[in-house]
Amino acid sequence: MKESAVKKIAVLTSGGDAPGMNAALRAVVRTANYYDIECYGVREGYNGLINGDFLKMGPRSVKNIINQGGTILKSARSMEFKTKEGRQKAYDHCVRLGIDGLVCIGGDGTFTGAKIFNEEFGIRVIGIPGTIDNDIFGTDNTIGYDTALNTAMDAIDKIRDTATSHNRVFFVEVMGRDAGFIALNSGLATGALDILIPERKDSIDELFTNFRNAEKTGKASSIVVVAEGEKLANVYELAEKTKKDFPDYDIRVAILGHMQRGGSPSCADRVLASRLGYGAVTGLMEGKTNVMAGMRSNDLVYTPIEEAIKKHNEINKDLLLISKILAI
């Protein structure tokens with residue numbers, strides 16, 4: 001590789017934590033070390049950038065973290081970084097340390113901040129998509145999605161044991177404020193009767209039709225997986241409406257919540273994070289900026305951050321049809 005365009009870089013994790021962020025951090029630090037680039041970790045996201053909370057990092061700084069969930073650098077949502085004054089403070093600290101490249105691990109909000117920071121002050125930035133929702137455009141999967149999906153699947157499998165034993169109907173809410181990737185794939189993988197996601201206009205009548213069809217085939221228990229961002233109704237309201245039309249049903253609600261964001265990252269997430277961490281550093285070395293490192297069809301690609309923010313991965317409609325066919 002020709003001479004690097006950056007000499008000192010900093011790396012931060014921002015927004016919601018996701019399993020695999022530590023693996024990405026590890027890859028950034030060790031790739032930088034391999035290419036003789038100084039690397040600093042920034043504590044608590046953009047707040048640390050504003051407060052000058054930097055930590056010089058080397059290969060031993062990131063030992064034994066590839067298997068840890070969360071982020072050792074901590075994460076935070078920074079309101080001050082949304083102001084010009086806050087970003088000026090962050091820039092002044094970067095100048096003080098001679099930092100000329102920034103790796104930002106997070107989602108939409110993280111990338112928006114990085115883009116504005118680059119446009120105002122010229123420091124090179126590359127994003128790494130770390131969010132369990134899998135809603136970032138420019139990569140087949142985001143860091144943390146596979147682990148969260150497997151966590152949800154494992155929990156729903158356990159809930160099914162109870163549903164089957166007591167002939168119950170369970171409404172299970174999974175994470176996904178604006179995206180139904182976890183709901184759709186975990187629902188398909190666990191044989192859910194119905195899957196409700198924000199990307200599709202769902203109908204209470206269609207849900208009730210599915211219950212009636214299930215009765216006709218002799219189904220005595222059912223699982224309905226609901227994304228937290230479902231527009232039809234929240235999971236409690238759905239259970240209440242179902243009880244009115246099906247008074248004989250023994251209905252329960254389970255909200256999986258933040259357990260989906262924690263835990264040791266899966267093999268897929270560790271490998272993805274390692275590849276993207278490497279790609280972010282080598283991208284900065286090549287002079288790239290205002291882009292996100294991602295994986296598409298198993299190839300490392302760079303997508304303009306503006307495009308990654310504005311566009312979104314689309315739900316696979318074939319999976320919706322398959323889930324309906326197999327839920328009979």
- In T13, L49, L55, the residue satisfying side chain to side chain contact (heavy atoms under 4.5 Å, CB included) with R43 is L55
- Sequence neighbours excluded, which residues qualify as salt bridge (Lys or Arg N to Asp or Glu O under 4.0 Å) partners of E237? none
- Task: Check each of L238, V226, T209, L207 against D194 using the side chain to side chain contact (heavy atoms under 4.5 Å, CB included) test, and report the only one that passes.
- Result: L207
- Task: Give the minimum heavy-atom separation between D140 and N313, together with the two atoms involved.
- Result: O-ND2, 4.4 Å
- Task: Name the orientation class of the two ring planes belonging to H93 and F54 (parallel below 30°, tilted from 30 to 60°, perpendicular beyond 60°).
- Result: tilted
- Task: Could you give me the CA-CA distance, side-chain angles and deciding distance for E206 and N210, then say whether side-chain hydrogen bond (donor to acceptor under 3.5 Å, both in side chains) is met?
- Result: CA-CA 6 Å; E206 187 177 342; N210 289 336; 4.9 Å; no
- Message: Ring-plane angle category for F181 and Y145, please: parallel below 30°, perpendicular beyond 60°, tilted otherwise.
- Response: perpendicular
- For E307, salt bridge (Lys or Arg N to Asp or Glu O under 4.0 Å) partners two or more places apart: K311
- Item | Set of residues satisfying ring pair (Phe, Tyr, Trp, His ring centres under 6.0 Å) with respect to F137, sequence neighbours excluded | none
- Sub-6.0 Å ring centroid separation between F171 and Y236: no
- Listed once per pair and sorted, the salt bridge (Lys or Arg N to Asp or Glu O under 4.0 Å) pairs that draw on residues 119-129, sequence neighbours left out: R87-E120, K115-E119
- Query: Mind checking whether Y249 and F211 have ring centres under 6.0 Å apart?
  - Reply: yes
- Within a reach of under 6.0 Å around NZ of K324, are more than 12 heavy atoms found that belong to other residues, nucleotides or ligands? no
- Message: Assess whether a salt bridge exists between K158 and D154, defined as any Lys/Arg side-chain N lying under 4.0 Å from an Asp/Glu carboxylate O.
- Response: yes
- Task: For K219, enumerate each residue passing the salt bridge (Lys or Arg N to Asp or Glu O under 4.0 Å) test, keeping only those at least two apart in sequence or located in another chain.
- Result: none
- Item | Residues clustered with I66, ILVMFWY side-chain links under 4.5 angstrom | none
- Task: In sequence, state the C-alpha distance, the side-chain angles, and the governing distance for D146 and S266, and then conclude on side-chain hydrogen bond (donor to acceptor under 3.5 Å, both in side chains).
- Result: CA-CA 7 Å; D146 184 72; S266 66; 2.6 Å; yes
- Task: Using side chain to side chain contact (heavy atoms under 4.5 Å, CB included) as the criterion, point out the one residue from L276, I136, I128 that pairs with M292.
- Result: I136
